[in-house]
Amino acid sequence: MKTQVHSTAQVSSRAKLAEDVEIGPFSLIGPEVEIGPGTRIGPHSVIQGPTTLGARNHIYGQSSIGTDPQDLKYRGEASILRIGDDNRIREFVTIHRGTEVAGNETVVGSGNLIMTGVHIAHDCRVGDDNILANSATLAGHVEVSDGATVGAFSGVHQFCRVGYRAFIGGYSVITRDALPFIKTVGERGEAKTFGINTIGLERSDYSSQQIGALKEAYRLLFRKGLRLSEALQQLRASSLTDEVEVLLDFIESSQRGFVH
């Protein structure tokens, strides 16, 4: 199919549009923007560059993508935003480019559902197949792994990590790392974990054995009264599943500490 640009849209001569791209009414596509095949841009959207959008993304409209970072250290230096394939980006989403301090790059992977009003700040790294619910906010330098859920109206503090298939409940404020496979809910300084995200893992076809191993690791780490070092030592001395290995590696690599 031929690329379709609405007559009211403005597309820079320095932008690159693949075949089968749709640009909706009153949208603005700036220079150094590259849009992959099959991507649809809804009405009243603004995309500034340098920004690269992969294939089959759908931006529903009224969003601001690839604009300057909200960082006082930013002085107009070159920085980029890279977005993968098959993302659904709903209305009023804002995603900013990176800063020089962190490699000049913000990255969003593929297959993500980014709901209305979400903000992804400068230098974030968002993986694949995540759900960021309405008005969730990622501050600068946040890392989100794959398959995670960040609940509605939640905020994640700068430099925090959200682990693989983590679940952050709505209205939470996360100021430390959120552990993989685990439910984390609560306000700043009072957030707590509430066990393994069993329902989410079952929906993702994890076996009862895999989930059981994670539950046992969680019990040993946080519910048996052991020191963390003792619990880690005991688990490392046992036969670990891949999922428990991911959990332990995440804990041992944490720089900010983690919610438990």
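In this chain, numbering begins with 1 at the start of the sequence shown. No hydrogens, no waters, no symmetry mates; every other heavy atom, side chains included, goes into these values.
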Name the atoms and distances for all side-chain donor-acceptor pairs under 3.5 Å in residues 138-149, with sequence neighbours left out.
from, atom 1, to, atom 2, distance (Å)
Asp146, OD1, Asp128, N, 2.8

Only one of Ile41, Val33, Ile35 forms a side-chain contact (heavy atoms from CB on, under 4.5 Å) with Leu17, so which one is it? Ile35
Run the side-chain contact (heavy atoms from CB on, under 4.5 Å) test on Ile120 and His96 for me, step by step, so that the C-alpha distance in whole Å, both residues' side-chain angles and the decisive distance to 0.1 Å come before the verdict. CA-CA 7 Å; Ile120 300 175; His96 292 167; over 6 Å; no
Give the minimum heavy-atom separation between Gly24 and Ala9, together with the two atoms involved. O-CB, 3.5 Å
Rounded to the nearest 0.5 Å, what separates atom CG in Asn134 from atom OG in Ser154? 11.0 Å
Partners passing salt bridge (charged side-chain N to carboxylate O under 4.0 Å, His left out) against Glu19 (at least two apart in sequence or in another chain): none
All pairs passing side chain to side chain donor-acceptor pair (under 3.5 Å) where residues 103-115 contributes a residue, at least two apart: Arg82-Glu105, Asn87-Asn112, Asn112-Asn130
Spacing of Leu235 atom CG and Leu247 atom CG [to the nearest 0.5 Å]: 8.5 Å
Please check if Val162 and Ile95 belong to a single hydrophobic cluster, counting links between Ile, Leu, Val, Met, Phe, Trp and Tyr side chain heavy atoms closer than 4.5 Å. yes
As an exercise, state the distance from CD1 of Ile251 to CG of Asp177, rounded to the nearest 0.5 Å. 10.5 Å
Could you tell me whether a side-chain N or O of Ser204 sits under 3.5 Å from a main-chain N or O of Gly200, the two making a donor and an acceptor? yes
Restricting to pairs with a member in residues 186-205, which pass ring-ring contact (aromatic ring centres under 6.0 Å, His included), not counting sequence neighbours? none
Heavy-atom side-chain proximity of Ile47 to Leu53 below 4.5 angstrom: yes
Step through the shown structure and confirm whether more than 12 heavy atoms of other residues, nucleotides or ligands are within 6.0 Å of CD on Gln234. yes
For the atom pair NZ (Lys215) and CG (Leu201), what is the distance rounded to the nearest 0.5 Å? 9.5 Å
All heavy atoms of Val118 vs all of Met115, minimum pair found to be CG2-O, 3.1 Å
Taking the side chain as everything from C-beta on, heavy atoms only, tell me whether Val150 gets closer than 4.5 Å to Ile131. no
Could you walk me through whether Tyr74 and Arg97 pass the side-chain contact (heavy atoms from CB on, under 4.5 Å) test, one step at a time? CA-CA 11 Å; Tyr74 180 71; Arg97 303 192 316 276; 3.0 Å; yes
Min side-chain heavy-atom separation Phe167-Leu179 under 4.5 Å: no
Between Leu248 and Leu240, is there a side-chain heavy-atom distance shorter than 4.5 Å? yes
Residue pairs passing the side chain to side chain donor-acceptor pair (under 3.5 Å) test where at least one lies in residues 40-56, sequence neighbours excluded: Arg40-His58, Arg56-Asp86
Inspect the surroundings of CD in Glu187 and state if more than 12 heavy atoms from other residues, nucleotides or ligands are less than 6.0 Å away. no
Can any side-chain N or O of Asp68 pair as donor or acceptor with the backbone N or O of Gly76 at less than 3.5 Å? no
Should we count CZ of Arg256 as having more than 12 external heavy atoms under 6.0 Å? yes
Say whether Thr116 and Arg90, considering side chains only, have a donor N or O and an acceptor N or O under 3.5 Å apart. no
Looking at Phe181, does the NZ or CZ of Arg165 lie under 6.0 angstrom from its six-membered ring centre and within 45 degrees of the ring axis? no
Spacing of Ile23 atom CD1 and Ser7 atom OG [to the nearest 0.5 Å]: 13.0 Å
Could you state the interatomic distance from CD1 (Ile114) to NE2 (His119), rounded to the nearest 0.5 Å? 12.0 Å
Sidechain-backbone polar pair: Glu252 side chain, Asp249 backbone, donor-acceptor under 3.5 Å: no
With a 3.5 Å distance limit and no angle check, can you tell me whether Thr175 reaches the backbone of Arg188 through a side-chain donor-acceptor pair? no
List the atom of His6, the atom of Thr8, and the distance in Å for their closest heavy-atom pair. ND1-OG1, 2.8 Å
Quick note, side chain to side chain donor-acceptor pair (under 3.5 Å) partners involving residues 192-203, not counting sequence neighbours, are Thr193-Tyr218
Distance alone, cut at 3.5 Å: any donor-acceptor contact between the side chains of Glu243 and Gln210? yes
If you count every heavy atom of other residues, nucleotides or ligands that lies below 6.0 Å from Glu230 atom CD, does the total exceed 12? yes
Tell me if a side-chain donor or acceptor on Arg176 pairs with a main-chain N or O of Phe258 at a distance below 3.5 Å. yes
